[in-house]
Every structure is written in C-alpha cells, then in structure tokens.
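Each residue takes its place number in the sequence, starting with 1. Every number for a ligand or one of its atoms is a count from 1 in the order of the listing.
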Amino acid sequence: MWGWFASLLAVLLGAKYYYRATSGVCRSKRRLDGKTAIVTGSSAGIGKEAARDLAQRGARVILACRNVQKAQAVADDIIATTGNKQVIVRQVDTSDLTSVRKFAKGILDTEAALHILVNNAGILGPDEKKVSADGLELTVATNHFGHFLLTNMLLELLKSSEPSRIVNVSSKGHFACKKVDAKDLNFEKRAYPGSMQTYCHSKACNILFTLELADKLRNTRVTANCLHPGLVMTEIMSKEGSFLFRYLSWLLFLITSKDEKLGAQTIIYLAVDEDVENVSGKYFSDCKVAPTSQVVKDRTVALELWEASEQLVKLSSEDVHYKGKPTDDAQQKA
Ligand SMILES: NC(=O)c1ccc[n+]([C@@H]2O[C@H](COP(=O)([O-])OP(=O)(O)OC[C@H]3O[C@@H](n4cnc5c(N)ncnc54)[C@H](OP(=O)(O)O)[C@@H]3O)[C@@H](O)[C@H]2O)c1
Ligand SMILES: *[C@@H]1O[C@H](CO)[C@@H](O)[C@H](O)[C@H]1NC(C)=O
Ligand SMILES: *[C@@H]1O[C@H](CO)[C@@H](O)[C@H](O)[C@H]1NC(C)=O
C-alpha cells in the first residue's frame, strides 16, 4: 500500500518538475531605465511577479489595483527586493467603467509617457450571474470591458511614447468557448453558463480584441499581443466558484502548476524581449507563438465585438485614438 502510494507521489512530483523545467523563460537582460509600465491586477499572482521583474529592470512601475492597501504592501515588498523606489499604486476597479475612466484620466494628467501596458487583472466567473455597476456581466466586465476602455483611453499616450507594447493576459481556457456572440456579450438572451464557461468566454474576447487592435495599430510602433501564462498556483481559484470546483482545481494545480514567477515569464517576455519588438497580434504560451482556437480567428467576429464593446463602454469620440490619421499611410510609404 505504502509502496504504491510512494510511486504515485513520485510520478506526480515528476510531472510537476517536468512541467516547470520545460516552461518558457524570458532570457532578455534588457534594462528599462526611463520607461514607464502599468500592470493591472498586480496585487497578487502573476501580475505581482511581472511588476517585480519590470521594476528590477529599472522601469517606473504603476500597480493598477482595486485594493490599495493590499497593493501598497506588494509595492513596499517590490521596492525592498529591487531597490527601485519608482513603484507606485493607483486605484482602479476594472469591473467599473467610472473607476477605469478616473484612473486613465489620472494617468494622462500625471504621466509624461507610457511604454508598457499589461492588462492582467482577472477573475473566474461567479457561479450565479452577477452584474456590474454598469449593468454588464461581472466576469466580462472585469476581464474584458474594463481593459478595453482602459487600453483605448491610454492609446494616445502609448502612441506618443512608441515603441511601446500592450500585453494582454488571456488563457488556454479560451478553447472551451464555442461561440462569441457580439449581440449578447452579457448573457441577457442566453442562459448564464456558470463560472468556467463565462471565464473562457471572456478570455476568448481578450484574444479577439488583441487581434483587432493589432490590426488597427498596423501603422504605428505600438504592438499588442496576448498570452496564456500556463497553469499557475495563484489566488484566482480561491476567490470564486463552488467549493467542489475550487477543491478539484486546487488538487490539479497542486499536481501540475507553475509558481508565480514562472507564470509571469511570458508576460515579461512580451513586455521586454528584443525578439518580439516588431511582433504584433499574436498569441503566446511559454514565450512562443501558440495555436488558438478556431473561434478567435474569426475577423468578422473580432470587428463585431470591437464595435459592440465601443457601444457598451460608451467610448466617446475623444477617446478613439486608433484611427490612423489620413496622412499615416502616406508617411509610411514615403
Ligand atoms: N493562474 C492560472 O493558472 C491562469 C491561467 C490562465 C490565465 N490566467 C490569467 O492570469 C491573470 C492573473 O491571474 P492570477 O492567476 O495571477 O490571479 P490572482 O492571483 O487572483 O490575481 C488576479 C489579480 O487581478 C486583480 N483583480 C481582480 N478583479 C479586479 C478588478 N475588478 N479590478 C482590479 N483588479 C482586479 C486581483 O486583485 P485582488 O488582489 O484585489 O484580488 C489580483 O491582483 C488573469 O487574467 C487570469 O485569467 C491565470
Ligand atoms: C486586450 O486587448 C485589447 C486591445 O488590444 C483590449 O481592448 C482588451 O480589452 C484587452 N483585454 C485584456 C483584459 O487583456
Ligand atoms: C524591428 O524593426 C526595426 C525598425 O524597422 C529594426 O531596426 C529592428 O532590427 C527590428 N527588430 C527585429 C528583432 O527584427
């Protein structure tokens, strides 16, 4: 009995060791002195470790978080471990469009430049449908709409700071999303499919939007890429979902998962590595381009989604910065 148990344990530990040993690592030594970066959801998990790495490279790092107290403790820790004092906390709740607008205005008023925007904050959906202050389904509001508005509002600053990079944290979970319906992004016409399906739907939206944005930024030196970080043991599973779901996923993560530092590697790679300075509109996993599902390759859906999202977040014309000025094309050719 014990021998059997010991062998099982050895196999599981071996699997975990193998998973970690083969996971992608950012090898770039590039410094970021004089650069400014924003990481949303950096009070925990892979966002926290990505922020720490950017600070280690000398960047001014803005932790964009909903819980200021929790984030300040992380900022203090990053300052202590990196010696970089340019690590600051700004409050934003990505599920709340008013909060996103306020945050973005604050950045535009105070920051002279922005070189890296990491859209990382995310939740797993709740079991029962919840609606945000703006009447949007809570998961898609947190994981997609808030970042959509934020990215659009900061685009002018990213463009004036080019070369600059937008990094979107998506998930392999997007494969489970069978359809993105731009006419029903908030599950008003269809039944709410539960936490995991809703999460996967929001992550498919992340990829579709990254592709659409990359296309809209074709004539600039602003890149937009998205990624799957791998299975990472973070807080995300303990915040939402039923007890059984949390217990099962905790077991899965215990067997095969990266730690937060490894989980942050593909974010860091896309944010700093010289290899990808001209790469845009791609989906990465383990610091390599990875295949996506068929659903998120549909450019018609991507455009429909973009337009529906513009309406749902009430994007005002002064916040539209992706439209190339008429002369852009001409200059590009010249
Ligand atoms: N862990 C994985 O295996 C895995 C796999 C695929 C993709 N991902 C993606 O990786 C990203 C980071 O997740 P994680 O695993 O690091 O989870 P985590 O430890 O739970 O961290 C999530 C972060 O997002 C923040 N956040 C959540 N809702 C927010 C809101 N409304 N406004 C502002 N910030 C908010 C959290 O803030 P609080 O500290 O206040 O809660 C926290 O800082 C997510 O986009 C997730 O979908 C993770
Ligand atoms: C990701 O990227 C697009 C812009 O490319 C943005 O509109 C979208 O909401 C972002 N989402 C997240 C959370 O990554
Ligand atoms: C990216 O493009 C710039 C400008 O065209 C060029 O100088 C640089 O070598 C390119 N980098 C890579 C890694 O291809």
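At distances below 3.5 Å, not a single donor-acceptor pair connects side-chain atoms of Asp286 with backbone N or O atoms of Ser23. Of the possible polar contacts, one joining the Thr266 side chain to the Cys287 backbone as a donor-acceptor pair under 3.5 Å is found. Here the side chain of Lys129 pairs no donor or acceptor atom with the backbone of Glu137 at under 3.5 angstrom.
Side chains of Ile116 and Leu32 form a contact here, defined as non-hydrogen atoms less than 4.5 Å apart. Taking the side chain as every heavy atom from C-beta outward, Thr223 and Leu217 never approach each other to under 4.5 Å.
Between Asp259 and Lys16 there is no salt bridge, since no side-chain N of the basic residue sits under 4.0 Å from a carboxylate O of the acidic one.
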Ligand-protein N/O pairs under 3.5 Å (ligand 3):
residue  : atom   : partner : partner atom : Å
ligand 3 : 2 (O)  : Asn278  : OD1          : 3.0
ligand 3 : 2 (O)  : Asn278  : ND2          : 2.5
ligand 3 : 11 (N) : Glu277  : OE2          : 2.9
ligand 3 : 11 (N) : Asn278  : ND2          : 2.9
ligand 3 : 14 (O) : Asn278  : ND2          : 3.3

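In this view, Arg165 satisfies the salt bridge (charged side-chain N to carboxylate O under 4.0 Å, His left out) rule with no residue, not counting sequence neighbours.
Sorted by first and then second residue, the ring-ring contact (aromatic ring centres under 6.0 Å, His included) pairs with a member in residues 259-304 read His174-Tyr283; sequence neighbours excluded.
Below 30°, between 30° and 60°, or above 60°: for His144 and Phe209 the angle between ring planes is between 30° and 60°, a tilted geometry.
If you look at ligand 1, the protein residues with a non-hydrogen atom under 4.0 Å away are Gly41, Ser42, Ser43, Ala44, Gly45, Ile46, Arg66, Asn67, Lys70, Val92, Asp93, Thr94, Ser95, Asn120, Ala121, Gly122, Ile123, Thr142, Val169, Ser170, Ser171, Tyr199, Lys203, His228, Pro229, Gly230, Leu231, Val232, Thr234, Glu235, Ile236, Lys239, Phe253.
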